[in-house]
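Here's the structure we're looking at; comments come further down.
Remember, predicted model here, so these are calculated numbers, not experimental data.
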Amino acid sequence: MEISQVEALEIKDRRAEGLGNLQVLPDELICSILDNLTPRDVARSACASSVMYILCNEEPLWMNLCLNRVNGPLQYKGSWKKTALDLENVPEEYQERCGKPLQFNGFSSLFLYKRLYRCHTTLSGFNFDDGNVERKGDVSLEEFSQEYDGRKPVLLAGLADTWPARNTWAIDQLSLKYGDLAFRISQSSSKKISMKMKDYISYMYLQHDEDPLYIFDDKFGETAPSLLKDYNVPHLFQEDLFEVLDGEQRPPFRWLIIGPERSGASWHVDPALTSAWNTLLCGRKRWALYPPGRVPLGVTVHVNEDDGDVTIDTPSSLQWWLDFYPLLADEDKPIECTQLPGETVFVPSGWWHCVLNLEPTVAVTQNFVNSKNFEYVCLDMAPGYRHKGVCRVGLLALDDSSLEDLKMNMDYDKDDLSYADLTRKEKRIRVQEPIADPRYTTTANGVSKSYDLWKQGFSYDIKFLAMYLDKERNHYSSPWSSSNSIGPREMREWLSNLWVGRPELRELVWKGACIALQADKWLDCLEEICAFHNFPSPTADEKLPVGTGSNPVYLLADCAIKILVEGGLEAAMYALGTELEFYSVLSKVNSPLKNHVPEVLASGIIYLDNGALKIVPWDGKGVPIVIGNCNLILENWKEDDFVFGVWGKKHFECRQAGMPMNEPINSAGCTSIWPFIITRRCKGKIFAQLRDMLSWEEMLNLTSFLGEQLRNLHLLPYPSSKNSSFSDIELKVKLPFADGYMEDIPTPEIPEEWKVFIRTLCRRKMNVTNRLENWGDPIPRTLIEKVDDYIPDDLTKLLNTFQAENGTNKSCKPCSWIHSDIMDDNVHMEPYRISTCSGGNASDPCLADNDCAVGNDHGDVDKSWCPSHILDFSNLSSG
């Protein structure tokens, strides 16, 4: 054959010509870029060249496009491209033209080939393994507690033998009984996607996805209550301390799991360091587990230094087994087992685990908090970030200085361990990627040495882990991690409910509260305050803060003590200063509000001085020396009577409005100073405790009471701004802008007392979208995008101003006091006999108990609850 004929048969590489300047990018990155386009833009890109046509017709791409755009229940149309086109409302005649795709030669991609292999591989080769997870039959609660709980995983047989689900949770039976009900789907998209059971099962048998969707529904009990009757929590896992939280307060804890072959859960540690049990009803599951602190190969953990938020980048379960598992030396391999129908896997707190479905499976799983893992759960919700990293990735979360002692005693290659630069805002704890070249030996050795570091220095022990808590941060004023399983109010209520409802666990609850809330520190402050003011020392029942508020509050026999912590020292000083100024104003007038505000017994500042707690009384006037040393205010402010009163607070809020969210106002070096206030304790209960038992008439009485008392509050004299030095203060704040400052916002000719309000609103408006986004999930994205439509360009239009005879600008309405925190835990109610206030329920033990608490005992006489006091004026504002 002639040379010219050979050249003619050679296949030309299409990549360079088909990608142009994009040819320098790896295929994986190009595919990632395409993931961020709209379906229509991807369709247009497919017309650019033959190579782009190939890349733009990949099913995994259309799967991602579809999942990122679906809104509501999903129905699979046989392929993800057809499903996406259906969601785009493309007419059927055009969809039909997207039949068999075009074929091109001259282009090869290892990335696409490996992905195609994962999409179509079968797992029959994953034979039943010998496994090194211990298999047990009949296990007593005592044996489980001593040998396994909090120690190591175990595969348990027989726990589900009597469940109806063993016979009724076959896939075909579930489809028949629950086919029209929608269940939640687990997938990589942040959107909550659901599918009808019959549609999902149809998808199961049609799909060829590399990471198939699977049902992972924490609300299956609400969707199909009869499913809860088909199983019961095994006797080994009955204790669950989250049970004291009701309804929506309790974090998700049980899931129905249905998935096809190749689906599964990628590497993760269960939320909040809880433990879990997983019972398989049909099919087979392959499990891999690593002890706490031992990061699997291929996994990257991110820990945010601001709020401790933890995110994990990990390959899919199938990809890990195919691409990473073969690279492991024997000593680096995980603990493994194959779970069979009827078997239950127990996963202790903090253990990494990865699950791969070897065939279509149905399972149920629950996470729980018990006495063994309670302290770890509390630790995970403590403020800060370093301890969260150590709990998950062990000593790899520490910087070089913290590891110096270990380095001197160990022989390992730092490069092999792939340490990250821990000075970055977002810490990345990196683990080696697999590589298909001779350097594999180096990588494997690095993993082994990482294992040596974990083995010799790390301990999943609560005392060891607690050493990495940031003692300078406190629960009440630190950002709350979005990865925490419950909110801060729910966490405080959880501990309070356990303290009251489970007295036999008080020693354990106290340990957890000391970790999560620093309860021991606040108790020291409480005891010092009581001693200084000659109050009795708190009893054992009184040493834990009560309620769900953002400051530690203690209810003693005759008084309530609040230590102001929220927002840092400066915010706390303005909160108490404003409250004390309000009480001063109230004491000088004849207002009915006096009868419905608790009496102030004392107030002051408690601070740490050379390791000893000291107290100075403070009535809100002037500036205590210990506060003056913190440089919180300018010198010419100190002449004002109530420096930290309502006008000072408004200017503080104006400065704070120009600060990034979660960035505290400067009070460096003053973290161990806290203002406090003592008021007389009200008898009865707060509205939050009575909400569900009040009659309609009692609710109307409460509404009328609040309306009347808030009117009395608005009628109180308001401090004049003319007596303050604040009007001359230049309101310029350092900000991370190009020039380092945000320019002062000019205000038009409006009344002097309203200028600070307009300036504050203008500053808040400048970054309102960013603030709402950082606020979290409660605010829908669609509302955030339209927020500017609801805010006038000229905020002075909110004021109805006019010019007085003397030429000065006036507002039709003067400033007044505003209570911005009228919540269910800030309204107090007292019980009265039925003759005094109609309504009530004589059979309710709560009413009888509370009546005895206030010194009355009328047997079974009906009671009615009437509002008596408004509590907590630290959030007073003006407007």
Side-chain angles (χ1 to χ4, degrees), residues 145-146 149-151 237-245 250-251 269-275 292-293 308 348-351 367-392 458-476 478 480-481 484-527 537-548 552-555 563 565:
S145 179
Q146 292 179 356
D149 194 2
R151 294 176 177 271
F237 317 116
Q238 289 286 330
E239 183 184 31
D240 188 354
L241 301 183
F242 267 148
E243 285 183 337
V244 299
L245 290 175
R250 183 174 184 175
V269 174
D270 278 340
L273 301 181
T274 53
S275 301
S349 167
W351 278 68
N367 287 65
F368 61 92
V369 184
N370 63 7
S371 302
K372 287 292 182 71
N373 63 22
F374 174 76
E375 291 179 79
Y376 296 90
V377 174
C378 291
L379 176 69
D380 199 55
M381 289 189 280
Y385 65 88
R386 189 169 62 160
H387 64 283
K388 286 178 174 282
V390 173
C391 287
R392 289 162 175 80
F458 177 79
S459 172
Y460 195 70
D461 173 79
I462 193 64
K463 292 182 179 179
F464 174 85
L465 298 173
M467 292 193 305
Y468 299 101
L469 285 168
D470 187 345
K471 302 298 184 181
E472 295 301 316
R473 299 197 186 207
N474 73 73
H475 162 83
Y476 293 97
S478 295
W480 189 253
S481 172
N484 287 342
S485 59
I486 55 178
R489 290 175 63 90
E490 289 77 15
M491 196 268 282
R492 294 190 286 268
E493 182 170 356
W494 178 48
L495 294 175
S496 181
N497 289 350
L498 288 174
W499 185 260
V500 174
R502 299 290 299 273
E504 74 279 7
L505 294 177
R506 280 200 173 170
E507 181 178 354
L508 178 65
V509 175
W510 178 252
K511 290 179 180 179
C514 289
I515 293 171
L517 299 178
Q518 295 177 314
D520 48 347
K521 179 175 79 173
W522 305 122
L523 178 60
D524 290 342
C525 293
L526 175 66
E527 291 175 337
S537 297
T539 66
D541 292 343
E542 298 167 341
K543 69 180 188 178
L544 193 71
V546 301
T548 61
V553 176
Y554 296 89
L555 293 182
I563 304 172
V565 180

Considering all heavy atoms, the nearest Ala272-Asp380 contact: CA-OD2, 3.3 Å
CD1 (Ile462) and CZ (Phe374) are apart, to the nearest 0.5 Å, by 10.5 Å
Taking every heavy atom of His475 against every heavy atom of Pro488, the minimum-distance pair comes out as CE1-CB, 4.0 Å
Using a 4.5 Å cut-off on heavy atoms from C-beta on, say whether the side chain of Tyr554 contacts that of Lys543. no
Short side-chain donor-acceptor distance under 3.5 Å, Asn373 and Ser349: no
Met491 side, atom CE; Asn484 side, atom CG - distance, nearest 0.5 Å: 8.0 Å
Non-hydrogen atoms of Phe458 and Val390 that approach each other most closely: CE1-O, 3.3 Å
Among residues at least two apart in sequence or on other chains, which ones pass side-chain contact (heavy atoms from CB on, under 4.5 Å) with Ala466? Leu469
To the closest 0.5 Å, what do you measure between OH (Tyr476) and CD1 (Ile563)? 9.0 Å
Tell me every residue that passes salt bridge (charged side-chain N to carboxylate O under 4.0 Å, His left out) with Asp240, counting only those two or more places apart in sequence or in another chain. Arg250
Can you tell if the side chain of Pro538 reaches within under 4.5 Å of the side chain of Glu527, non-hydrogen atoms only? yes
Here the gap from Leu498 atom CG to Glu504 atom CD, rounded to the nearest 0.5 Å, amounts to 9.5 Å
How close do Ala516 and Pro383 get, heavy atom to heavy atom, and via which atoms? O-CD, 3.8 Å
Pairs meeting criterion salt bridge (charged side-chain N to carboxylate O under 4.0 Å, His left out) with involvement of residues 487-498, two or more places apart: Arg489-Asp825
Indicate yes or no: at least one non-hydrogen side-chain atom of Asp470 is less than 4.5 angstrom from one of His387. no
Sequence neighbours left out, what passes side-chain contact (heavy atoms from CB on, under 4.5 Å) with Arg151? Give chain and number order. none
With side chain to side chain contact (heavy atoms under 4.5 Å, CB included) as the criterion, how do Leu241 and Leu505 come out once you've worked through the C-alpha distance, each side chain's angles and the decisive distance to 0.1 Å? CA-CA 10 Å; Leu241 301 183; Leu505 294 177; 3.7 Å; yes
Residues Glu239 and Ser371: closest non-hydrogen pair is OE2-OG, 2.8 Å
With sequence neighbours excluded, tell me which residues meet ring-ring contact (aromatic ring centres under 6.0 Å, His included) with Tyr376. Tyr460
Looking at Gln518 and Arg473, would you say the former's side chain and the latter's main chain have a donor-acceptor pair under 3.5 Å? yes
Tightest non-hydrogen contact, residues Leu495 and Leu544, listed as O-CD2, 3.8 Å
Quiz: residues 506-514 side-chain donor-acceptor pairs under 3.5 angstrom, not counting sequence neighbours:
from, atom 1, to, atom 2, distance (Å)
Arg506, NE, Trp499, O, 2.8
Arg506, NH1, Asp541, OD1, 2.4
Arg506, NH2, Trp499, O, 3.1

